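Take a look at the structure set out below.
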Amino acid sequence: MILEDLARALEVKLYGEATQSIAGLAPIDTAGENELAFVVSAKYTNALRSSRAGAVIVPASLRELAPGNCLVSEDPYASYAQASWLLKPAKVTSAGVHDSAIVDKSARVSASAQIGPGVVIGTNTMIGDDVVIGAGCCVGADVRIADGCQLFANVTVYDNVHLGKDCRIQSGAVLGSEGFGYARTAQGWSQIQQIGGVRIGDRVHIGANTTIDCGAIDPTVIADGVILDNQIQVAHNVHIGENTAIAGCTGIAGSTRIGRNCQIAGACNIVGHITIADGVVINAASLVSRSIKQAGRYGSGMPLLSEQAWRRSFVTLGKLDQLVRRVRKLERQDVAD
Amino acid sequence: MILEDLARALEVKLYGEATQSIAGLAPIDTAGENELAFVVSAKYTNALRSSRAGAVIVPASLRELAPGNCLVSEDPYASYAQASWLLKPAKVTSAGVHDSAIVDKSARVSASAQIGPGVVIGTNTMIGDDVVIGAGCCVGADVRIADGCQLFANVTVYDNVHLGKDCRIQSGAVLGSEGFGYARTAQGWSQIQQIGGVRIGDRVHIGANTTIDCGAIDPTVIADGVILDNQIQVAHNVHIGENTAIAGCTGIAGSTRIGRNCQIAGACNIVGHITIADGVVINAASLVSRSIKQAGRYGSGMPLLSEQAWRRSFVTLGKLDQLVRRVRKLERQDVAD
Amino acid sequence: MILEDLARALEVKLYGEATQSIAGLAPIDTAGENELAFVVSAKYTNALRSSRAGAVIVPASLRELAPGNCLVSEDPYASYAQASWLLKPAKVTSAGVHDSAIVDKSARVSASAQIGPGVVIGTNTMIGDDVVIGAGCCVGADVRIADGCQLFANVTVYDNVHLGKDCRIQSGAVLGSEGFGYARTAQGWSQIQQIGGVRIGDRVHIGANTTIDCGAIDPTVIADGVILDNQIQVAHNVHIGENTAIAGCTGIAGSTRIGRNCQIAGACNIVGHITIADGVVINAASLVSRSIKQAGRYGSGMPLLSEQAWRRSFVTLGKLDQLVRRVRKLERQDVAD
């Protein structure tokens, strides 16, 4: 791809050689003459000055520091994201159902879909145009996978799961597993049937080994544009609002509603039956133990200490209420003085 | 199903039309004329009064508030769990081994078992009556899967794993993976063979992507009636006692023994080589760093704060021992006064 | 195997009957006459004295307490690890590609490799000598799996992942899934292509359902001799140094560099873009929120309390800064006195 065409596709302004050819991406410090790099902030000024990249995407404020060709963008990171797809080598895929796949005769699979080796597709399931289903995926009955979705190898989809357009599901993800719903009885735990299914919107991305349980009666809902990282657990009847992003290893307990445009960092634990407002940002490893009614940043999570300091603080934490009582006593004596 | 038959099956008392037909379940606020709902407590009085459900399961105390048919139960939630199975549409499954499954000739598979597409079953393995093994499951050698078990798609079972009757294993679960046992040597980590296998009792439910390691020499043991949610990690030689319930994302380190009838919330981390008594309840996201000798409720885990408050508390936590010393000093001065 | 041969192979000194036959391993308290046990410390003196084991591996200091045959080792645990492999019953495996496996014609598979049922192998992939790939594994394009590796059933390997010699990958692991890299735009999240692949050294062990994302541009790197337990999440562009061991359920966010010979306990959460020095030891369930520049032990994580005490400390934690201010006020008054 030549730089002129790239600039036009990205809708950014080009300073430099229009015919410079760009073959791929690279970090600013190692990019060579046919590679594209990017710099977001003045923090990387030195790397930018000495870069040998074929072109660099920069904000206007850094344009004069670029030693060679540059593309000036209002949002260099977003332009870079876009460029990463324009420069992607087209993968040779071919439509059709692999000989070894087992597709129920009641399923409807678009002629432009690609169904990989060993894939199993159940009754009454619909697979849309240009869908790619990787090797070893198991897709249940009454499933809808809309146009443009990609499932990587070894994804499992239970019955009654609907995926909107252009979703992207990484390997090992499980969609629609039975929610953890039990009644306690004298004879032990009695499971409650989980029949609500899962409704997933358009452009939802789901990470490797992430699990999304089906709802008990109503569905579990993931709205348009949500992005979920690896090893996230979404329990039954959770709702996640549009464009919310959640990082790896976070767990969300049953029936919790998360708003739109939230950003939840890794390893958080969000308890069940609470509501989180739109636009909430939560720091890594937080325990979200109550509803959050206002947008803003929140956290819990302990600071890292040397083991010696940690052991001391550990002991104190177990006696914090005593410390409070001691301070109260001192305060009373002060008043008495 | 008509209401009279449902009441008889649930062993509850019916008030209303014996011939009302019930086709499915629904929440109290949306249930229609052929649907069954339930109400546990007076909290839902308004929803109950205005419900259009074909019937509602209620405790005796709420019977008079029900606008239509009702089923009076001592434990409405348990009755509802039971009803959820009675009203489940019978899934058409058919016994037999799918053509694409690969079953070792030394394995014994009951004629009433259903072995799905692409399933692999190893040497000397026994599969009991009415067992259902979903597509893509890999079952190793010397495995016993007793009558009535259901494995959903893409479950992995290593060699030497025994499952009791009526177990239910969600997709992506791994049973019998090698325990994390290594000796440190001058040349690096030296793995210790893990040959103890896994022994799982009757009616054990295991969630999606949960992993249970095999024991080092003796087996890892999950007793009858245990229910495990998704993404739980059970390390080698752990014992989990009867009817204990564990919620998602909890990890249990090696050789720990958990008692009977415990309830462990999500995202807990339980260290190795400890013992937890029967009847212990642990709150979400707790670090269980020591043995628990008495039944009761326990927790650790930080409260969620606004980021501003969290940053302040974060700094203080790192200096808690200094705060204790300052208070002690004040106390001494008080005495001196 | 007779004791004399075992002692020679382990390079330890034998006290007792050279011709005693040993067939397997067992714990010190249950080992029978053809079984080998081990004792590391004086803590197990009673069990050692009354043991009926065919032989016991002991340190020199405990030799005289052994009632029967013993093998004296400078490091009994390491000798035991070694013995566990010598005594392992040889598993009958047979080289070759199973009829049901689907291997792209451009892939090169060693004649001594064993490719299980239902395995899928992509274009230009190379599989080395004596590699064992379990049933249901999906291996992408441009993958290198060096001599002696073992992949258990249902492992997923994306394109452009290289594994060194003698790696061991447990079921459900996903290697090379797309890193979680997105730019925020007015239209929502824009994914950045993840093309860096994964580079894994020799003798790396990876646990069940562990996920390792590919790098964005440069690879994610796991150095020689690293051992990773189950359900670990390794984000894009993480580097893990030689011989570092990480226990289950730990998550490592993007671009973090972990040194050599570190030991990280279970359920830790390590934030992104930080550096951890060689030889660092981190306690269970710690939040590693900053770089660690010096070897040593570190921790965070709250002590477990009874629920009553926990509720009190919970309240106090939210008001720690107020407590500090109250103490400061008392100190000022003291000075004023």
Side-chain angles (χ1 to χ4, degrees), chain A residues 100 102 118 120 136 138 140 154 156 158 172 174 177-178 180-185 188-193 195 209 211 213 217-218 231 233 235 249 251 253 269 271 281-283 286-290 292 296-303 305 309 312-313 316-317 323 326-327 329-330 333 337, chain B residues 24-27 75 77-78 80-82 84-85 87-88 98 100 116-118 134-136 152-154 168 170-172 203 205 207-209 224-225 227 229-231 243 245 247-249 266-267 284-285 301-307 310 314-315 317-318 320-321 323-324 327 330-331 334 337:
Chain A
S100 63
I102 293 158
V120 177
C138 294
N154 282 333
T156 307
Y158 278 60
V174 176
S177 39
E178 296 187 318
F180 197 63
Y182 294 83
R184 200 165 199 182
T185 72
W189 297 101
S190 172
Q191 191 186 14
I192 294 151
Q193 267 266 92
I195 55 174
N209 285 351
T211 50
D213 279 347
I217 299 174
D218 294 322
Q231 299 203 32
Q233 151 69 354
C249 305
N269 176 44
V271 304
V281 178
I282 301 178
N283 294 336
S286 296
L287 166 59
V288 182
S289 47
R290 55 169 174 85
I292 302 179
R297 301 182 71 98
Y298 297 84
S300 83
M302 294 277 289
L305 302 170
R312 283 194 305 252
S313 108
T316 310
L317 281 166
L323 188 66
R326 285 158 66 186
V327 171
K329 195 176 165 197
L330 285 166
Q333 291 171 329
D337 292 348
Chain B
L25 307 171
D75 185 344
Y77 194 52
Y80 181 74
Q82 208 183 331
S84 78
W85 291 96
L87 293 168
K88 185 191 177 183
H98 193 275
S100 62
F152 288 84
N154 281 334
R168 202 170 173 88
Q170 303 292 321
S171 294
R203 291 165 288 107
H205 288 208
N209 284 351
D224 293 346
I227 55 173
D229 196 359
N230 296 352
Q231 298 204 32
N243 293 324
C249 304
M302 294 277 290
L304 189 78
L305 303 171
S306 72
E307 186 172 73
W310 174 70
F314 209 78
V315 170
L317 281 165
L320 260 189
D321 56 323
L323 188 67
V324 172
V327 170
L330 286 165
E331 287 168 337
D334 250 44
D337 292 348

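Side chains included, hydrogens not; waters and symmetry mates left out as well; all remaining heavy atoms used. Predicted, not measured: the structure shown is a model, and the values here were computed from it. Each chain gets a letter, A, B and so on, in the order the sequences are listed, and its residues count up from 1.
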- [ ] For residues B:Cys249 and A:Asn269, determine if any side-chain heavy atom of one lies less than 4.5 Å from a side-chain heavy atom of the other.
- [x] no
- [ ] Decide yes or no for A:Ser313 and B:Leu317: does some side-chain heavy atom of the first lie under 4.5 Å from some side-chain heavy atom of the second?
- [x] no
Open item on the list: Which one wins on heavy-atom pair count under 4.5 Å against chain A: B:Ala135, B:Ala78, B:Ser171, B:Ala153?
Closed with: B:Ser171
Open item on the list: With chain A as the partner, which of B:Leu25, B:Leu320, B:Asp224, B:Leu330 has the greatest number of non-hydrogen pairs under 4.5 Å?
Closed with: B:Leu320
Task: Side chain, backbone, both or neither of B:Asp75 within contact of chain A (heavy atoms, under 4.5 Å) - done: side chain
Task: Considering all heavy atoms, the nearest B:Gly318-A:Pro303 contact - done: N-CG, 4.2 Å
- [ ] Please round to the nearest 0.5 Å and tell me the distance separating atom CD of A:Glu178 and atom CG of B:Asn230.
- [x] 10.0 Å
Task: Contact origin within A:Asn283 toward chain B - heavy atom pairs under 4.5 Å - done: side chain
- [ ] Keeping the roles fixed (side chain from B:Asn209, backbone from A:Gly172), state whether a donor-acceptor pair exists under 3.5 Å.
- [x] yes
- [ ] Establish, from distance only, whether the side-chain atoms of B:Asn154 and A:Thr156 form a donor-acceptor pair under 3.5 Å.
- [x] yes
Open item on the list: Strictly distance-based, threshold 3.5 Å: is any side-chain N or O of B:Trp310 a donor or acceptor partner for the main-chain N or O of A:Gly301?
Closed with: yes
Open item on the list: If I take atom CH2 from residue A:Trp189 and atom CZ from residue B:Arg203, how far apart are they, to the nearest 0.5 angstrom?
Closed with: 13.5 Å
Open item on the list: Minimum heavy-atom separation for B:Ala26 and A:Ile217, please, with both atom names.
Closed with: CA-CG2, 3.6 Å
Open item on the list: Any non-hydrogen side-chain atom of B:Asp229 less than 4.5 Å from a side-chain atom of A:Gln233?
Closed with: yes
TODO: Please flag which part of A:Leu287 lies under 4.5 Å from any non-hydrogen atom of chain B: side chain, backbone, both or neither.
DONE: both
Task: chain B contact via A:Ile192 - side chain, backbone, both or neither, heavy atoms under 4.5 Å - done: both
Task: Contacting moiety of B:Glu331, where chain A heavy atoms sit under 4.5 Å - done: both
- [ ] Locate the shortest heavy-atom distance separating A:Met302 from B:Phe314; write the atom from each residue and the value.
- [x] C-CE1, 3.5 Å
Task: For A:Arg290, all residues meeting salt bridge (charged side-chain N to carboxylate O under 4.0 Å, His left out), sequence neighbours excluded - done: none
Open item on the list: Measuring from atom CD1 of A:Ile195 to atom OG of B:Ser84, what distance do you get when rounded to the nearest 0.5 angstrom?
Closed with: 7.5 Å
- [ ] Could you check which of B:Ala247, B:Ala284, B:Pro27 has the highest count of heavy-atom pairs closer than 4.5 Å to chain A?
- [x] B:Pro27
- [ ] Calculate, to the nearest 0.5 Å, the distance between atoms CZ and SG belonging to B:Phe152 and A:Cys138 respectively.
- [x] 13.0 Å
Task: Contact leader toward chain B among A:Ser286, A:Ser177, A:Ala183, where contacts are heavy-atom pairs under 4.5 Å - done: A:Ala183
Task: Proximity breakdown for A:Tyr182 and chain B, heavy-atom pairs closer than 4.5 Å - done: both
TODO: Under 4.5 Å, counting heavy-atom pairs only, tell me which of A:Val271, A:Thr185, A:Val327, A:Asp218 racks up the most with chain B.
DONE: A:Asp218
Task: Options A:Lys329, A:Arg312, A:Arg326, A:Arg184, ranked by heavy-atom pairs under 4.5 Å with chain B, top entry - done: A:Arg326
Task: B:Leu304/A:Ile292 under side-chain contact (heavy atoms from CB on, under 4.5 Å): CA gap, chis, key distance, verdict - done: CA-CA 10 Å; B:Leu304 189 78; A:Ile292 302 179; 3.5 Å; yes
Task: Minimal non-hydrogen separation, B:Ile227 against A:Phe180, with atom names - done: O-CZ, 3.7 Å
Task: pair A:Tyr158-B:Gln170: side-chain heavy atoms closer than 4.5 Å - done: yes
- [ ] Check whether A:Thr211 gets within reach of chain B through its side chain, its backbone, both or neither, counting any heavy atom under 4.5 Å.
- [x] both
Task: Among the listed options A:Ser190, A:Gly296, A:Ser100, A:Gly181, the residue most often paired with chain B at heavy-atom distances under 4.5 Å - done: A:Ser190
